[in-house]
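These notes concern the structure reproduced below.
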Amino acid sequence: MSRRTDRKIALIGGGGVRSPLVVFGVNEAAEALGAAEMVLYDPDPARLRIMVDLGKAVVRRFGGDLRLRGATSLEDTIEGADFVLNSVRIGGIAGRASDERASIAQGYPGQETTGPAGVAMALRTIPVAIEQARLVERLSPQAWLVNFTNPAGLITQAVTDHSNARIVGICDTPTELFHNIARALGEPADEVECDYVGLNHLGWVRGVRVRGEEVIDRLLDSDELLRQLYLAPLFDFDMIRTLRLIPTEYLFFYYERQRALDNQRKQGGSRGGEIQRLNDDLLATLTARLDAGDGDAAVDIYAAYLNQRSGSYMKLEAEGGSAFDQGVSLQGDPFRVATGYHRIAIDVMSALTGAKPARIVVNTRNQGALPDLPDDDIVEIASDISLDSIVPRPIAPLPDAVNGLVRSVKAYERAAIASVLNDRRLEARKAMLIHPAIGQWTPSGDLLDALLGHADEDGECLCQGPVHRHR
């Protein structure tokens, strides 16, 4: 049977600054994916035009035949697509910066997916993601919805529970940690196997095998090796050794909440505010270069932006540093890194086409793989992915040290989803109470007011309005 060469790949949220990275990845893997066309959609036409023009410049720079265009409607974007990538941010980067400022003002670290700002992001995004998934279900029922939209695990859960779209949630955080572990050990990444357990932005490595030999003690016993696992000094090494678990970086906002808040106050801002400034500068510069017809310069400017953004990751929260400090930018080609936002998407899509079956950590239904949680819970877990198939690999129960935290976060996710579907402010406050990084009732009302606006007289949640349950 001949392989397809006519696949359409859609990206909702195509005005986002990482869209050209995804275009690069799809173009580079076009033969394996059988991809002929990529269609980007964004409600901001000016942003969309910039990213489409930059994406075309990327294709010209690196070579390839991928057709790229912007769409003016979701229907045009989705209809006939084989894959629909979803990467939306309701309220934009300005909304993220505002949420993080509000969280800091109320005495909580400001971070886009955890704590109060993460709750606000979820409440705004859930109804939009469900409605978009139902559109995919109606217009392209055989398509895979590849969800980048944060909070990725929670959004994948909401879409799974309230639509029939075929969905997988993806995040580059676990694979980034795996590669860092392999690099620290001086081993090829494909010869290092990490035993990973958890949820999106709440995961740990509990075992590391090199060519079948368990070597986690070698990591745990060495300050030098542990120091190489993160771009910034996030965790006390004694804590890691006591847990006997290597946390992903987002656990910083659970294990070191006060330090994160102190550093944000010391610096006078948040990551979201810095990204907003970086993005504003980038868009202005890109517009000038693209309007002048200088696509090559635009690609170079974009690459420098990616290196500055990636190199400064977690510096503010861990050290009180800044994306604008000297020497924070990474060196090298950000398009051809071994891991990252675009790599995980391409690997998952290539596996689902059957071209390159692989074992990848994704957000998918538990299906009994993790015995501590119900089958329908979305977990972040190593899965065997092949032609139209995602099968999570059975793993050992959660370690006692994190069992309660994982269960609490899943309970929070369920409560947050229910609060939007039922359009109830009190249920949103209950979700904040359950959330282990918030966990207080009295501040929850002020937090919701600061993040989402004051309540109506009847007490209903001021989010995006009610979303009715699917059929």
Side-chain angles (χ1 to χ4, degrees), residues 100 103-104 108-115 117-118 171-187 192 194 196 198 201-206 208 215-275 278 306-332 334 337-340 401-402 405 436-437:
E100 291 179 352
S103 298
I104 293 166
Y108 295 87
Q111 206 285 322
E112 62 171 335
T113 64
T114 66
C171 178
D172 59 352
T173 296
T175 54
E176 187 75 28
L177 180 57
F178 303 163
H179 276 262
N180 290 350
I181 287 171
R183 185 169 57 246
L185 292 170
E187 298 287 352
V192 178
C194 293
Y196 179 84
H201 290 186
L202 195 85
W204 300 262
V205 169
R206 60 180 171 185
V208 179
V215 297
I216 194 167
D217 284 336
R218 180 179 161 199
L219 275 168
L220 295 178
D221 291 344
S222 170
D223 287 3
E224 180 183 355
L225 294 181
L226 290 175
R227 194 172 291 114
Q228 297 177 54
L229 303 187
Y230 310 99
L231 274 174
L234 300 179
F235 304 108
D236 185 282
F237 298 153
D238 285 341
M239 185 204 77
I240 295 176
R241 292 181 183 116
T242 298
L243 289 174
R244 290 194 59 79
L245 299 167
I246 300 171
T248 56
E249 65 260 27
Y250 287 93
L251 268 299
F252 183 75
F253 296 99
Y254 293 87
Y255 293 153
E256 294 284 1
R257 292 198 297 274
Q258 190 61 51
R259 180 152 68 99
L261 177 62
D262 289 346
N263 282 327
Q264 288 174 333
R265 286 175 167 169
K266 170 186 170 185
Q267 206 274 344
S270 73
R271 176 71 170 173
E274 292 202 332
I275 296 299
L278 283 171
L306 292 173
N307 279 337
Q308 183 178 6
R309 178 169 174 157
S310 296
S312 60
Y313 186 60
M314 297 294 288
K315 297 287 188 181
L316 189 155
E317 297 90 347
E319 303 174 300
S322 170
F324 302 97
D325 290 342
Q326 291 292 320
V328 299
S329 292
L330 299 178
Q331 303 300 313
V337 292
T339 62
V402 302
L405 182 55

Inset, instruction - Ignoring hydrogens and angles, tell me if any N or O in the side chain of Gln308 forms a donor-acceptor pair with the backbone of Ala323 under 3.5 Å. - result: yes

Legend entry - Heavy-atom pair with the smallest gap, counting every atom of Leu229 and Leu177: O-CD1, 4.1 Å

Inset, instruction - For Gln111 and Ser103, run side-chain contact (heavy atoms from CB on, under 4.5 Å): C-alpha distance rounded to whole Å, both residues' side-chain angles, the deciding distance at 0.1 Å, then the answer. - result: CA-CA 8 Å; Gln111 206 285 322; Ser103 298; over 6 Å; no

Inset, instruction - Go through the steps for Tyr255 and Leu243 under the test side-chain contact (heavy atoms from CB on, under 4.5 Å), then give the verdict. - result: CA-CA 12 Å; Tyr255 293 153; Leu243 289 174; 3.9 Å; yes

Inset, instruction - Determine yes or no for a side-chain-to-main-chain donor-acceptor pair under 3.5 angstrom, with Glu100 supplying the side chain and Glu112 the backbone. - result: yes

Inset, instruction - Can you measure from CG (Asn180) to CG (Leu231) and round to the nearest 0.5 angstrom? - result: 7.0 Å

Legend entry - Asn263 side-chain N/O to Ala318 backbone N/O, donor-acceptor pair under 3.5 Å: yes

Legend entry - CZ on Phe237 to CG on Leu225, rounded to 0.5 Å: 9.5 Å

Inset, instruction - Run the numbers on Tyr230 and Met314 for side-chain contact (heavy atoms from CB on, under 4.5 Å), then give the verdict. - result: CA-CA 9 Å; Tyr230 310 99; Met314 297 294 288; over 6 Å; no

Inset, instruction - Indicate, with yes or no, if the rings of Tyr196 and Phe178 have centres closer together than 6.0 Å. - result: yes

Legend entry - Tyr254 and Val402, any side-chain heavy atoms less than 4.5 Å apart: no

Legend entry - Taking every non-hydrogen atom, the tightest pair across Ala260 and Pro109: CB-CB, 4.1 Å

Inset, instruction - Please list, chain by chain and in numerical order, all residues satisfying side chain to side chain donor-acceptor pair (under 3.5 Å) with Gln267, sequence neighbours excluded. - result: Glu274

Legend entry - Counterpart residues, side-chain contact (heavy atoms from CB on, under 4.5 Å), relative to Arg206 (two or more places apart): Asp195, Val197, Leu245, Ile395, Ala396, Pro399

Legend entry - Which residues share a salt bridge (charged side-chain N to carboxylate O under 4.0 Å, His left out) with Arg309, sequence neighbours left out: none

Legend entry - Leu220 CG to Asp238 CG distance, which is reported to the nearest 0.5 Å: 11.0 Å

Legend entry - All salt bridge (charged side-chain N to carboxylate O under 4.0 Å, His left out) counterparts of Glu176, not counting sequence neighbours: none

Inset, instruction - Grab the two heavy atoms, one from Leu316 and one from Gly269, that are nearest each other, plus how far apart they are. - result: CD2-O, 3.8 Å

Legend entry - Leu234 CG to Leu251 CG distance, which is reported to the nearest 0.5 Å: 10.0 Å

Inset, instruction - Check the pair Lys315, Asp325 against side-chain contact (heavy atoms from CB on, under 4.5 Å), reporting the backbone distance first and the verdict last. - result: CA-CA 10 Å; Lys315 297 287 188 181; Asp325 290 342; over 6 Å; no

Inset, instruction - Would you tell me whether Thr113 and His201 have side-chain atoms, one donor and one acceptor, within less than 3.5 Å of each other? - result: yes

Legend entry - side chain to side chain donor-acceptor pair (under 3.5 Å) contacts in which one or both residues fall within residues 244-253, not counting sequence neighbours: Asp217-Arg244, Glu249-Tyr313, Tyr250-Tyr313

Legend entry - Charged N-O contact under 4.0 Å between Asp262 and Arg259: no

Inset, instruction - Check for a donor-acceptor pair, side chain of Gln264 on one end and backbone N or O of Gly110 on the other, with a separation under 3.5 Å. - result: yes

Legend entry - Shortest non-hydrogen separation from Val205 to Val208 and the atoms involved: CG1-CG2, 3.7 Å

Inset, instruction - To the nearest 0.5 Å, tell me how far Arg265 CZ sits from Ser270 OG. - result: 13.0 Å

Inset, instruction - Could you tell me which non-hydrogen atom of Ala437 sits nearest to which non-hydrogen atom of Tyr108, and how far apart they are? - result: O-CD2, 3.7 Å

Legend entry - Nearest-0.5 Å distance that lies between atom CD1 in Ile181 and atom SG in Cys194: 4.0 Å

Legend entry - Over all atoms of both residues, closest heavy-atom pair of Leu226 and Leu219: CG-O, 3.4 Å

Legend entry - salt bridge (charged side-chain N to carboxylate O under 4.0 Å, His left out) against Asp221, all qualifying residues, sequence neighbours excluded: none

Inset, instruction - Check for a donor-acceptor pair, side chain of Ser222 on one end and backbone N or O of Arg218 on the other, with a separation under 3.5 Å. - result: no

